[in-house]
Each structure stands twice: as C-alpha cells, then as structure tokens.
K.L.:
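I have a structure I would like to understand better, so I am pasting it below and will then ask my questions one at a time.
Naming: A, B, ... by sequence-line order, numbering from 1 per chain. In this text the structure is predicted, and so the values were computed from the model without any measurement.
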There are 2 protein chains.
Amino acid sequence: MGRRQDLIDTALRLFYEHGIHAIGINQVLQESGVAKQTLYNHFESKDSLVEAAVEHRDKLFFQWLESRMNSRPAGREALMEMFDAVHDWFNNRVPTLHRFYGCFFINTCGEYSDPEHPVHKRCAAHKTRVFELLKRHALEICTSETEAEELANALFLLKEGAIVKAHVEGDLDAALKAKAIASRMISPH
Amino acid sequence: MGRRQDLIDTALRLFYEHGIHAIGINQVLQESGVAKQTLYNHFESKDSLVEAAVEHRDKLFFQWLESRMNSRPAGREALMEMFDAVHDWFNNRVPTLHRFYGCFFINTCGEYSDPEHPVHKRCAAHKTRVFELLKRHALEICTSETEAEELANALFLLKEGAIVKAHVEGDLDAALKAKAIASRMISPH
DNA sequence: CCTGAAGTAGACAAGTCGGTCTATTTTTAA
DNA sequence: TTAAAAATAGACCGACTTGTCTACTTCAGG
C-alpha cells in the first residue's frame, strides 16, 4: 500500500471525523503506525498532507458518485440515482466514504475560509466538478444549454441542502425528501 | 457593554472567520482587551465560551432573518424576502452578521461532528428554528399541513444549498438563483 | 472615606503543536 | 552479498495550548 497512502488514509479519516485543526500530526502518526521522519520525507508540512487528503477525498467521492450514476441510463434516471446514492451515504452504507460526518469539503472550507487558500480552492474545484457531472446529465433531458444549467443548479442546491440537513439535524431521510422535490421538477405533471 | 459580551463578540468573530479549533483563548483575550482571569470568572472553560458564542449567533441571525421576513406580508412574499435577505448577507450588506464566511452553524458542526455534543445540538436547534419560521409562512399559502411542511423543506434545502455554494465556490448570486427556483415552486404557472 | 467586588497584568503549570535531528534497523535492488 | 534507500524510535526545539494563581488596581455604593 505504501506509507504515503497510509498517512493520507489515516489523516483523511481523522480530519473528516474531527476537523483538521483538531487533529495533530502526532495522532496521525500514532494511528497510522508511521514514523515522523517518514511523514516529512513524503510531505513538506502538515498543510501539504491536508492538501493530499482533500485531493484523495475528491477522487474517492467523485469516482464513487460517477460510477453510481453511470449504473443508470444517462439523464433523468442517473440524476435520480444521485439522490439514492447520497441516501446510502447518509445511512452509512458506503464503506468507501467512511461514516457520514457531512461533506468533507464543506467542513474543510469552514476551517479555511480564505477563498485564495489552496485547500479552499481544491474544495471549490471538487464542487464544481460534481456540478459539471450533473449538468452533463441535465443536458440529456433539456432542450437548451441554459435550461440544463438551471436544472443542474437546482439539483445541486437540493443535494447540498440535504447533506447539511442530514448532518446538522441528523435527518437521515433528507436525501429522499430532496429526491421527491427533484422528481417533481424534472417531470412536471 | 460588559466584559462578558465583549468576550462573546470577539470570540464569535474569530471563530466564525477561522473556525473554533484554530482560535486560542489568548487571541480572544488580546483582541478583546480582557484579562484572562475575567474570562474564567464568566466562563468555566473555552467550551463554555464556545457555547455562548453559538447561542449569541443564533439570536443574532434568527432575529435578523425574522425581522427581514416580517417586513413583508406573511406567506409568499415573506418567503421570497428570505432569499433577498440571504443575498444581502452573502454580499456583505448585513454588518450585524459580519463578513460572510458561510453558515457558522454548518461550519461548527464540521468541527463538532458528534450529534450528542452540546455545541452540535445548539447548531441543530438553530436550523430547526429557522425551518419552523419557514413553515409558519408556508402554512399561509398551503392548503394542508403536509403540503406546508414539504414546501418549507424545499425552500430550506435551497437556502442551505445556496449558502454552501456561495461560500465554497464563491458564487455571490447563489441566493438569487435559489430564489428563482423557489419562485417557480410557489406559484406554478 | 471605606469596603468589597470586579478587573488587570503576568507568572506559571503541564501538556501539545509542528517540525528537525540523530542514530539505528529494515527493506530493496544490483 | 552488499550497498544504497527507506523507514524506524525517540530525543529535542521553541512556540503555543488551556487553565490556575498571585498581587495589584479600578471603581461603585453605602
């Protein structure tokens, strides 16, 4: 597996559960069983490890979501599948993503508020990537670019809102409620 | 004003901008010009100051939002006003709420993931309070309790989504886009 | 004027922070 | 087999963490 990846995995798990500033480098080392010097051979600072963890989470999450959506026909069905996917995530049925503690990127931006900070930028890039994924599927069922953009935006907001509601209020059905709203928006009766 | 409130104001400002675990008690003391012993006369620990800060932000934010919505006729117009209000917030036109760094309660739950932690609970209570405010207005324009609940929920998700998009991606028009979607949902054409 | 409460400055404690360094052992490849 | 590379344990650094303690000052009310 490699020590570098051990460090990233452990750091991500701890950062995600407790927040980044609450976790010290020594705790990452202890729980990963890696020596301190080894960490500083692979990363030049804690911040650099943080960046790697965010990048890893981006890959992890995006690939999971994309493959879930690709398991259904492009367009409406794939977009609906997104809500089922995050519903599984909220209810801890996706081991790859660890236990659900809200969105790691939202949480991280709460600790790195400066939009010019590299960590914040990576979080923003992740969200933009997910948005583009939605838009790609929205284009399948919309008659214009702007209409697809608007639909993707609506679904995106519903999804982000559901993540927040699930985490802050502990509403484990938030994704299903969001799906019901989205469903009405896509196929107007 | 009172030293206690000075401490809460300063702590809230710093916590909101940088996150709670990134701010030390000494920085709060220095920027508020209060002596350390005075802090520990009013609060038994940092955590207790954190709770007070969250509680203060709850009052500050809720009273502001409620008064903005009350400035318009109950029901549809008040609900639309909510989006204009948060739009002003995103664009730093509400000095009371400080510069916009996302939602303090969402950010704070990112640092206190345990739903049983008193700080997390207070954040959840805030969100629930806002939801009830929306529901009260939704009842004005809905024909049933469940319909109102669903409308309030949809508007709530859109609002939370907009907060996230505005903060993480720096989309300063997120509130207006959410409003447009909400508008279509309230008065179906 | 005096007393008591409230606030101040700052030393101090015990521990943690990110990070460097050394010395040793393990692993890998030629 | 041997030499280089990688990883190890752990001491060490200065700065910072929350929180306590002491001694001094400010201020308000009777």
K.L.:
Calculate the interatomic distance between Asn41(A) atom CG and dA6(D) atom P; express it in whole Å.
P.N.:
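One finds 8 Å between P of dA6(D) and CG of Asn41(A), rounded.
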K.L.:
Give me the residues of residues 15-34 of chain A where at least one heavy atom lies under 4.0 Å from an atom of DNA chain D, by number, or none.
P.N.:
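Going residue by residue through residues 15-34 of chain A, the ones with a heavy atom under 4.0 Å of DNA chain D turn out to be Gly33(A), Val34(A).
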K.L.:
Name the first nucleotide and the last nucleotide along DNA chain C (5' to 3') that come under 4.0 Å of a heavy atom in chain A.
P.N.:
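Terminal contacting nucleotides, 5' to 3': dC17(C) to dC21(C).
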K.L.:
Checking Glu17(B) now: which residues fulfil side chain to side chain donor-acceptor pair (under 3.5 Å) with it, not counting sequence neighbours?
P.N.:
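Only Tyr101(B) meet the side chain to side chain donor-acceptor pair (under 3.5 Å) criterion with Glu17(B).
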K.L.:
With sequence neighbours left out, write down each residue that passes ring-ring contact (aromatic ring centres under 6.0 Å, His included) with His56(A), or none if nothing qualifies.
P.N.:
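Per chain and number, His56(A) pairs via ring-ring contact (aromatic ring centres under 6.0 Å, His included) with no residue.
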K.L.:
Base contacts versus sugar-phosphate-only contacts with protein, heavy atoms under 4.0 Å: please encode nucleotides 20-29 of chain D as B, S and - from 5' to 3'.
P.N.:
BB--------
K.L.:
My understanding is that only residues two or more places apart in sequence, or in another chain, count here; which of them pass salt bridge (Lys or Arg N to Asp or Glu O under 4.0 Å) with Lys159(B)?
P.N.:
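Applying salt bridge (Lys or Arg N to Asp or Glu O under 4.0 Å) to Lys159(B) gives none.
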K.L.:
Would a line drawn from the ring center of His126(B) to the ring center of Phe61(B) be shorter than 6.0 Å?
P.N.:
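Yes, close enough.
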K.L.:
Under the side chain to side chain donor-acceptor pair (under 3.5 Å) rule, collect the residues that match up with His21(B), sequence neighbours excluded.
P.N.:
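For His21(B), the residues satisfying side chain to side chain donor-acceptor pair (under 3.5 Å) (neighbours in sequence not counted) are Glu111(B).
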K.L.:
Partners of Phe15(A) by ring-ring contact (aromatic ring centres under 6.0 Å, His included), sequence neighbours excluded?
P.N.:
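Here no residue qualifies.
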K.L.:
More than 12 non-hydrogen atoms from neighbouring residues, nucleotides or ligands closer than 6.0 Å to CD on Gln27(A), yes or no?
P.N.:
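Atom CD in Gln27(A) is crowded, with more than 12 foreign heavy atoms closer than 6.0 Å.
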K.L.:
Counting only non-hydrogen atoms, which of residues 49-56 of chain B are less than 4.0 Å from DNA chain C?
P.N.:
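When residues 49-56 of chain B is checked for heavy atoms under 4.0 Å from DNA chain C, there are no hits whatsoever.
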K.L.:
Which residues pass the side chain to side chain donor-acceptor pair (under 3.5 Å) test with Arg122(A), sequence neighbours left out?
P.N.:
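Applying side chain to side chain donor-acceptor pair (under 3.5 Å) to Arg122(A) gives Glu51(A).
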K.L.:
State whether His42(A) places a side-chain N or O below 4.0 Å from either non-bridging phosphate oxygen (OP1 or OP2) of dA6(D).
P.N.:
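No, outside the criterion.
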K.L.:
Is Lys127(A) positioned over the aromatic face of Phe105(A), cation under 6.0 angstrom from the ring centre and no more than 45 degrees off axis?
P.N.:
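No; the conditions do not both hold, so Lys127(A) does not lie above the ring face of Phe105(A).
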K.L.:
Please name all residues satisfying side chain to side chain donor-acceptor pair (under 3.5 Å) with Lys179(A), sequence neighbours left out, ordered by chain then number.
P.N.:
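Side chain to side chain donor-acceptor pair (under 3.5 Å) check on Lys179(A) returns Asp84(A).
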K.L.:
Do Leu172(A) and Phe83(A) sit in one hydrophobic cluster, given that two such residues count as connected whenever their side-chain heavy atoms are within less than 4.5 Å of each other, even indirectly?
P.N.:
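Looking at the clustering, Phe83(A) is in a separate group from Leu172(A).
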K.L.:
Give a yes/no verdict on a cation-pi contact between Lys46(B) and Tyr40(B), requiring under 6.0 Å between NZ or CZ and the six-membered ring centre and an angle within 45° of the axis.
P.N.:
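Relative to the ring axis of Tyr40(B), which defines the angle, Lys46(B) lies outside at least one limit.
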K.L.:
Ala124(B): what forms a side-chain contact (heavy atoms from CB on, under 4.5 Å) with it, not counting sequence neighbours?
P.N.:
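By the side-chain contact (heavy atoms from CB on, under 4.5 Å) rule, Ala124(B) matches Val168(A).
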K.L.:
So does Thr38(A) get a side-chain nitrogen or oxygen closer than 4.0 Å to the phosphate oxygens (OP1/OP2) of dA6(D)?
P.N.:
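For Thr38(A), the contact criterion (side-chain N or O under 4.0 Å from OP1 or OP2 of dA6(D)) is not met.
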